[in-house]
Amino acid sequence: MLLDEDPATLIHHTIGNFNITPDKLAVSRINESLSTLQQARDLRVREAESALKKLSRKLTTLNNHHLETIASHSATAHASEIATLDTQKFRIAKSANDLEIESERLSSQLADLQARLQELELQGVDGGENARRGLVDDEISLKLKVYRSLGVDVDRDEKGQYAKAVIRNGNKGDVHVINMDGKFSQFFYANYFWSTM
């Protein structure tokens, strides 16, 4: 095969036509990225090793503390302390129950005294007939009147027990419906009524 030009010149021109500069730059960037990645991995490995050493020291400390606690534990003293705490718990529960019963009694007494006070105020100093006409006839009607003046309407069930209360708060624009099914004490219901009014 005969060539018009010298093969060395052709090879030199062919090599000159190849543009390998972008490839060199890409390889350089890849090498830099690999170096940065390797440094980051080394840093993370060192941090993980440091954290592992700290956790190992903490585990050793906790194991030693656990062993000391087990060695110093006295089953008899523990049982005695539990018995003492149970006794205190029952005493506190009984005291709380007694206080709740007393609170309900005092709440009832307060309601009766307030009703009596209102009755006496309506009668006036003279206690005349005109003042007596404004009184509510019986205790239940008086209670209902007081409740309604506070924004509370109560409904009775078939047995004549109060089963539901509707509390309206005009200032807040709230209406709460409470089913009084006897799950809670009268003290709880009274507190709930006052907190919603």
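Keep in mind that this is a model prediction, so the values were computed, not measured.
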* Structure fact -> One should read off an interatomic distance between Asn19 CG and Lys24 NZ, to the nearest 0.5 angstrom, of 10.0 Å
* Do Thr61 and His65 touch side chain to side chain, with heavy atoms closer than 4.5 Å? -> no
* Asked: Is Asp98 salt-bridged to Lys94, going by a charged N under 4.0 Å from an acidic O?
  -> yes
* **Ser95 side chain to Arg91 backbone, donor-acceptor under 3.5 Å** => yes
* Asked: Hey, is CD1 on Ile20 packed in by over 12 heavy atoms from elsewhere, all under 6.0 Å?
  -> no
* Hey, could you give me the CG/CD distance between Asp112 and Gln109, rounded to the nearest 0.5 Å? => 7.5 Å
* **Crowding at CD, Glu102 (>12 non-hydrogen neighbours, <6.0 Å)** => yes
* To the nearest 0.5 angstrom, please state how far the CD atom of Glu49 sits from the OG atom of Ser56. => 11.5 Å
* Arg29 and Val27: CA distance, side-chain angles, deciding distance, side-chain contact (heavy atoms from CB on, under 4.5 Å) verdict -> CA-CA 5 Å; Arg29 284 195 304 272; Val27 169; over 6 Å; no
* Working to the nearest 0.5 Å, report the span between CG of Leu62 and CZ of Arg57. => 13.0 Å
* Asked: If you round to the nearest 0.5 Å, how far is NZ of Lys54 from CG of Leu59?
  -> 16.0 Å
* Reported CG-to-NE2 distance for the pair Asn17 and His12, which is rounded to 0.5 angstrom -> 10.0 Å
Atom pairs and distances, donor-acceptor, side-chain atoms in residues 37-48, under 3.5 Å, two or more places apart:
unit_1 : atom_1 : unit_2 : atom_2 : d
Gln38  : NE2    : Asp42  : OD1    : 3.0

* Taking the side chain from Asn64 and the backbone from Thr60, do they hold a donor-acceptor pair closer than 3.5 Å? -> yes
* Under the 3.5 angstrom rule, does the side chain of Ser103 hit a backbone N or O of Leu99 as a donor-acceptor pair? -> no
* Is a side-chain donor or acceptor of Ser35 paired with a backbone partner of Asn31 at a separation under 3.5 angstrom? -> no
